[in-house]
Amino acid sequence: MSSHKLELADYSSFAVLLRNGGRFESSAQRKELQDAIKKSTERDIPSIQHEMQQLLSKLCELEMTKKDVQATVSKFARILKPTPVERLPTEILIEIFLILRDTAEGHITAITKGLWPVTHVSREWRNIAISLPKLWSYITIGVVEKPAKNQLQLLKTALARSGSNPLHIQAFFSWAISDESDLNGYYGSRADVTSSDSSIPPWPSEHQLSEALIKAVVQHSDRWVTARIHVLYPEYLRPIYRRLSSLEKLTFGGYLDDYPLLFSVAPKLRDVEFFNSDSSTLQLPWTQFVRFHESQWNPRPDLLPRYLSILRQYPQLEDFGTEYEEFREGLLPPPFTHHKLKALSCSDHRLMCCLTLPALQTLALKASWMRSCPSETIPVARELMNRSRCASSLRVLRLGAIVLNRNVLDLLESTKGLTELNFTFERWKTSNDAFMKRLIQRMNTCRKLKKSGGQVLLPRLESFTIDIEAIGSHEWFTCDIQFIDEAYVDMVEARWKSFGNGISRLQVVKFEGYTPATLNGLTDTCLQKMKKMRDEGLEVYIATMDINSTNEDRKEKTYVK
C-alpha cells in the first residue's frame with residue numbers, strides 16, 4: 001500500500017466563480033478549470049479508488065489475522081483452564097484411583113491395563129498415583145502369552161511403589177508352556193530355581209518369565225496379607241517358608257506333597273481354601289483357622305471321615321466347605337454338634353447327615369463336577385435344619401444343580417428369615433420354568449395374592465439371583481427361558497415398592513445365562529419397568545450370551561444392568 005500523500009487538483013483559485021454566479025473573468029480561467037476537472041477525473045479519482053482498495057484488502061487481512069490470534073489464544077487458554085476432572089479435589093481422585101485398582105482386570109505386567117494408564121494422563125495424576133503405596137499393593141501376575149523382559153520390570157516397579165504396604169497377591173501359573181518347543185518348557189526339563197533374574201533375555205520364554213515373576217513376588221512374602229496362588233511347580237515358593245508373618249487369607253491350587261511345611265508357620269492365617277488340592281499331607285496351623293474350604297476332583301480315599309475329624313478337632317471353625325466326587329456307600333456315624341459353624345458348603349449330602357449345626361446361617365449345596373445333586377440332597381438339608389433348629393436363623397441359601405421340585409419349596413417355606421437366595425444351573429430344563437413361575441407367584445406381595453389368602457414366600461428376602469453356567473464356549477447350549485416375563489417383573493416391582501409390615505425390600509435381582517438363552521417373555525414394557533427400578537436404586541442385572549458378539553473376551557447380551 002502507498003504511503004505518500006496524494007497530490008489532488010487544486011480548486012481554491014476557482015472559489016470566486018461560485019461567488020459571482022459562475023462568470024469567468026477570462027478564457028484562460030475557463031481553460032484552467034477544464035484542466036483541473038480533467039486531472040481529477042482521469043488521475044485523482046482512480047488514485048483514490050486504488051488507495052481505497054488497498055485499504056480494504058489490508059482491513060480484510062487484519063481481520064483474518066485477528067481471528068487467527070483469537071483462535072490461538074482460545075486454544076492455549078483452554079490448557080490453562082482446568083477441566084472438570086482436573087478441578088476434582090485430590091481426595092476424590094484418590095478414591096477414583098482406588099476404585100480402579102479394585103475393579104481393573106488384567107495382570108500388573110500389562111502396561112495398557114490397570115493403573116499404568118493413570119500415570120500417563122498428566123503430571124498431577126502421575127504424582128498422586130506414584131505417591132500412594134496402597135494403590136500398588138494389589139498385584140496380579142500370570143502366564144504371559146507374549147513374554148518380554150520389560151514385563152518383569154513393570155512388576156518390580158509396582159512392588160517398589162507399594163513401599164512397605166501390605167500386599168494382596170494373585171498368581172496364576174497353573175499352566176505354562178515355553179516358546180521353545182523342545183526342552184525348556186514347563187512340560188520339558190525345569191530351569192534351575194536358583195537362576196538370576198539378570199540372566200533373562202530381552203524376549204524370554206514363558207517358563208523363564210513365569211519363574212522370574214514368581215521369584216519377584218516371593219521376595220515380598222512377609223508383606224502378603226491375602227494370597228491366591230495357582231502354580232504348577234511349587235518349588236519356586238520355597239522361600240516363603242517362615243516368611244508369612246502377615247498372611248491372613250490363602251487360596252492355593254497345586255500339589256504340595258514335597259513341601260508339607262510350606263504354610264505351617266503363618267501366625268495370622270485364619271482363612272484357607274485349597275482348590276483342587278489335597279491338604280491332608282500338609283502341616284497347617286489348624287487351631288488358628290476360622291474358615292476352611294477344599295475341593296478335589298478325583299480323590300482316591302473316601303474324604304468324609306477326614307472332614308468329620310477336622311470338624312470334631314477344631315471347634316473354633318465358623319465356615320467349612322468341601323467339594324469332591326466319588327461318594328462311598330456304608331453306615332454313617334451318628335450326628336455330632338458343632339456349636340460355632342455358621343456357614344457350610346458341601347457337595348456330599350452324607351456330611352449333612354453327620355452334623356448338628358445350631359449356629360448355621362449360610363448353607364450352600366453344590367453338585368460335584370459336571371453332575372447334578374443327588375435326589376437326597378434337599379431332604380437331608382431339611383433334616384439338618386430341623387435337627388439343628390436353625391431354619392429360622394438361616395440367612396443365605398445357595399442351591400447348585402439341584403432338581404427343582406416340591407422338596408425345594410418345602411425347604412424355602414421353612415426358612416422365613418432368608419435374606420439371600422441363589423440358584424445355579426449347569427444345564428437348563430424346561431421343567432425348571434414351571435417351578436420358577438410357581439416360586440415367583442408365591443414371592444409376589446401384590447394385594448390380589450394377599451386377598452386370596454396366600455402366604456408370601458421368603459418375606460425377608462433382599463437378594464434373588466439365578467445363574468446358568470455352561471462349562472465352556474464349546475458346550476454352550478441354546479434354551480428358551482420362559483419365567484423371565486411380566487409376572488417376574490411384577491414380583492420384583494412389588495417387592496421393590498411394597499415393603500414393610502414384615503416384608504423386606506428386594507435390593508438385588510440378577511439373572512445371568514452364560515449360554516445363548518432367549519428371553520421371549522421379557523417385553524419392552526417389562527424392560528422399561530426394570531430400568532426404571534434400576535434408576536431408582538435397585539441393583540439389577542439380566543444378561544445372556546451372544547454367540548455373534550465381536551467381543552471375544554465376553555460374548556454378552558445385556559438386557560438391563
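Values reported hereafter were calculated over all heavy atoms of this structure, with side chains retained and with hydrogens, waters and symmetry mates removed.
- The minimum heavy-atom distance linking Ser137 with Pro166 is given by the pair CB-O, 3.1 Å.
- Residues that satisfy the side chain to side chain donor-acceptor pair (under 3.5 Å) test with His168, not counting sequence neighbours, are Thr226.
- Here the two rings, on Phe173 and His230, have centers that are 6.0 Å apart or farther.
- If you check the side chains of Glu318 and Gln316, you find no donor sitting under 3.5 Å from an acceptor.
- For Ser277 (side chain) and Phe275 (main-chain N/O), a donor-acceptor pair under 3.5 Å exists by modelled atom type.
- Listed here is the closest heavy atom pair of Gly114 and Leu100: O-CD2, 3.7 Å.
- The closest donor-acceptor contact from the side chain of Ser347 to the backbone of Ala367 lies at 3.5 Å or more, if one exists at all.
- A side-chain donor from one of Asp348 and Tyr324 sits under 3.5 Å from a side-chain acceptor of the other.
- When the side chain to side chain donor-acceptor pair (under 3.5 Å) test is applied to Ser295, no partner is found at least two apart in sequence or on another chain.
- Taking every heavy atom of both residues into account, Leu439 and Leu412 meet most closely at CD1-CD1, 3.8 Å.
- Side-chain contact check for Glu294 and Tyr307: at least one donor-acceptor pair (N or O, by modelled atom type) lies under 3.5 Å.
- Under a 3.5 Å cut-off, the side chain of Ser388 and the backbone N or O of Leu384 do form a donor-acceptor pair.
- The closest side-chain heavy-atom distance from Ile378 to Leu399 is below 4.5 Å.
- Between Thr424 and Asn422, the side chains place a donor N or O and an acceptor N or O closer than 3.5 Å (distance only, hydrogens not considered).
- Within 6.0 Å of atom NZ in Lys134, 12 or fewer heavy atoms from other residues, nucleotides or ligands are found, so the atom counts as exposed in its surroundings.
- Contact annotation: the side chain of Ile169 never approaches that of His220 to less than 4.5 Å [non-hydrogen atoms, C-beta and beyond].
- For the residue pair Thr362 and Leu360, the shortest heavy atom distance occurs at O-CD1, 3.3 Å.
- A donor atom on one side chain and an acceptor atom on the other are not found under 3.5 Å apart for Asn444 and Asp490.
- Contacts of Ser393 classified as side chain to side chain donor-acceptor pair (under 3.5 Å), with partners at least two apart in sequence or in another chain: none.
- For the pair Thr337 and Pro358, the minimum side-chain heavy-atom distance is below 4.5 Å.
- You'll find the side chain of Thr465 stays beyond 4.5 Å of the side chain of Leu421, heavy atoms only.
- In this model, a donor atom of one side chain and an acceptor atom of the other lie less than 3.5 Å apart for Ser162 and Arg223.
- Every ring pair (Phe, Tyr, Trp, His ring centres under 6.0 Å) that Phe289 has, sequence neighbours left out, goes to Trp286.
- If you take CH2 on Trp224 and CD on Glu248, they are separated by 14.5 Å, rounding to the nearest 0.5 Å.
- Counting only residues at least two apart or in different chains, salt bridge (charged side-chain N to carboxylate O under 4.0 Å, His left out) contacts with residues 375-387 are absent.
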- Message: Determine whether Ile468 and Ile481 satisfy the following criterion, side-chain contact (heavy atoms from CB on, under 4.5 Å), listing intermediate values before the conclusion.
- Response: CA-CA 11 Å; Ile468 302 177; Ile481 307 297; 3.8 Å; yes

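- Exactly one residue among Ile240, Ile214, Leu237, Thr251 makes a side chain to side chain contact (heavy atoms under 4.5 Å, CB included) with Ile229. That residue is Leu237.
- The salt bridge (charged side-chain N to carboxylate O under 4.0 Å, His left out) contacts involving residues 399-411 comprise Arg406-Asp410, Arg406-Glu413, where partners must be two or more places apart or lie in separate chains.
- At a threshold of 4.0 Å, the pair Lys366-Glu323 counts as salt-bridged, since one of the basic side-chain nitrogens sits closer than that to a carboxylate oxygen.
- Under the side chain to side chain contact (heavy atoms under 4.5 Å, CB included) test applied with Phe464, the options Arg495, Lys510, Met443 reduce to a single match, Met443.
- For residues 251-264, no pair satisfies salt bridge (charged side-chain N to carboxylate O under 4.0 Å, His left out), with sequence neighbours left out.
- For Arg270, there are no salt bridge (charged side-chain N to carboxylate O under 4.0 Å, His left out) partners two or more places apart in sequence or in a different chain.
- With Arg238 contributing its side chain and Glu235 its backbone, the two residues share a donor-acceptor pair below 3.5 Å.
- Considering Lys249, Arg291, Arg228 in turn, Arg291 is the only one that fulfils the salt bridge (charged side-chain N to carboxylate O under 4.0 Å, His left out) rule with Glu273.
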- Step by step, would you call Phe172 with Val143 a side-chain contact (heavy atoms from CB on, under 4.5 Å)? CA-CA 7 Å; Phe172 302 103; Val143 175; over 6 Å; no

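- Judged purely by atom type and a 3.5 angstrom limit, Ser221 uses its side chain to pair as donor or acceptor with the backbone of Arg243.
- With sequence neighbours excluded, the residues that form a side chain to side chain donor-acceptor pair (under 3.5 Å) with Glu493 are Lys497.
- Applying the ring pair (Phe, Tyr, Trp, His ring centres under 6.0 Å) test to Phe435 and every residue at least two apart in sequence or in another chain returns nothing.
- Counting only heavy atoms from C-beta outward, the side chains of Leu213 and Thr109 approach each other to under 4.5 Å.
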- Item | Candidate pair Phe274 and Leu282, rule side-chain contact (heavy atoms from CB on, under 4.5 Å), full reasoning | CA-CA 11 Å; Phe274 289 96; Leu282 306 183; 3.7 Å; yes

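- For the residue pair Trp496 and Leu538, the shortest heavy atom distance occurs at CH2-N, 3.3 Å.
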Atom pairs and distances, side-chain donor-acceptor, residues 518-535, under 3.5 Å, sequence neighbours left out:
from: Thr518; atom 1: OG1; to: Cys479; atom 2: O; distance (Å): 3.4
from: Thr518; atom 1: OG1; to: Asp480; atom 2: OD1; distance (Å): 3.2
from: Thr523; atom 1: OG1; to: Cys526; atom 2: N; distance (Å): 3.2
from: Lys532; atom 1: NZ; to: Glu536; atom 2: OE2; distance (Å): 2.7
from: Arg534; atom 1: NH1; to: Lys561; atom 2: O; distance (Å): 3.2

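- We find that Arg398 and Glu420 are joined by a salt bridge, their nearest charged nitrogen and carboxylate oxygen being less than 4.0 Å apart.
- For Arg389, the CZ atom sits in a loose shell: 12 or fewer heavy atoms of surrounding residues, nucleotides or ligands are nearer than 6.0 Å.
- For the ring-ring contact (aromatic ring centres under 6.0 Å, His included) condition, the pairs that include at least one residue of residues 241-261, sequence neighbours left out, are Phe252-Phe263.
- The 12-atom threshold is exceeded at CZ of Arg312, counting heavy atoms of other residues, nucleotides or ligands nearer than 6.0 Å.
- By the 4.5 Å heavy-atom criterion applied to side chains, Leu457 and Leu409 are counted as neighbours.
- When atom types are taken as modelled, the side chain of Thr103 and the backbone of Ile99 share a donor-acceptor pair closer than 3.5 angstrom.
- Residues Phe483 and Trp428 place their aromatic rings such that the two centres sit under 6.0 Å apart.
- A donor and an acceptor atom, one from each side chain of Asp319 and His293, are located under 3.5 Å apart.
- Within the 4.5 Å cutoff, the side chain of Phe511 has no heavy atoms near those of the Asp467 side chain.
- No side-chain donor from either of Ser245 and Asp222 sits under 3.5 Å from a side-chain acceptor of the other.
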